[in-house]
Every structure is written in structure tokens, then in C-alpha cells.
Amino acid sequence: MSLPTMDRWKSRYAERGLAGLEGDCPGRAREQVPARIQARVIALTRMTPPAGTGLSHWSIRKLANHLKRIENVTVSWHYIARSWREENLKYRQTRDLRGKGRSAAGRRVTEEPSHR
């Protein structure tokens, strides 16, 4: 712990006792993405990209760029990846002769089967 942090804790303890050390953590909370934005990300993921894009499927980064450029919504590609994980969405993969994963032509994001 840094000295300035320790000094702040000491002064809060001196002013309010143990109650000064509990409760609110200083700093700003993370800004939450509205539910309608997450719903839009999932809806676009399940749709074929517009014809003018030349894409057969969405990648995480392409979807983030599309949202920013066309729909004026800024979300990080990390957020889109997390949304896909939470919704159990992923690309279908095929194996080539060397055993390495490669994308199937015209693949789409599909729901991952549950093995639980």
C-alpha cells in the first residue's frame, strides 16, 4: 500500500473510527453499458452483416467498428467478446489437414452446445 493511501486511511480512522474504513470506496465506479446496447450487440451478432461490408460474418473487431461508424455507439471489442462469452456465442470452426483450426467459409456465430 502506498504512503498517501495509508495517510488517507489513518485520517479517515482518526475522524470516524472504524466506520471511516468501511463503506464507500473512493474512486469512480465503472460506467455500465445500457441493456439496449448489449441487446443490439447480440442482435447484430446473430444477423448477417450488411451487403456493402463484404463480410460473410461478424468478427469482434469488425462489429465494434460497425457500431461506432454506422450506429454511433462506442463499445470496446473486449466488451463484445465478453458479451459473446456470456451468451455462449462463438464461431464454428473446421479443422484443416494439419489439425489446425480455421474458419469455415461463410461461417456465422452460432450458439455453443452446452455439455453440462
If you round to the nearest 0.5 Å, how far is [atom2] of [Y] from [atom1] of [X]?
| X | Y | atom1 | atom2 | result |
| --- | --- | --- | --- | --- |
| Met6 | Ser2 | CE | OG | 8.5 Å |
| Trp84 | Ile42 | CH2 | CD1 | 8.5 Å |
| Arg82 | Ile60 | CZ | CD1 | 11.5 Å |
| Asn65 | Ile70 | CG | CD1 | 10.5 Å |

Give a yes or no on whether Asp7 atom CG has more than 12 heavy-atom contacts from other residues, nucleotides or ligands under 6.0 Å away. yes
Can you confirm whether the side chains of Arg8 and Thr5 place a donor and an acceptor under 3.5 Å from each other? yes
Please check if [X] and [Y] belong to a single hydrophobic cluster, counting links between Ile, Leu, Val, Met, Phe, Trp and Tyr side chain heavy atoms closer than 4.5 Å.
| X | Y | answer |
| --- | --- | --- |
| Trp77 | Tyr79 | yes |
| Tyr13 | Trp9 | yes |
| Met47 | Ile37 | yes |

Stepwise side chain to side chain contact (heavy atoms under 4.5 Å, CB included) check, Lys10 with Glu15: CA-CA 9 Å; Lys10 283 181 183 179; Glu15 291 171 10; over 6 Å; no
Check the pair His66 / Leu55 against side chain to side chain contact (heavy atoms under 4.5 Å, CB included), numbers first and verdict last. CA-CA 11 Å; His66 174 80; Leu55 300 172; over 6 Å; no
Grab the two heavy atoms, one from Val33 and one from Gln38, that are nearest each other, plus how far apart they are. CG1-N, 4.5 Å
Does the Thr45 side chain pair with the main chain of Val41, one donor and one acceptor, at a distance under 3.5 Å? yes
Expected output: side-chain Trp58 to main-chain Thr48 donor-acceptor under 3.5 Å: no
Within the structure provided, determine whether His57 and Lys62 are in side-chain contact (heavy-atom separation under 4.5 Å). no
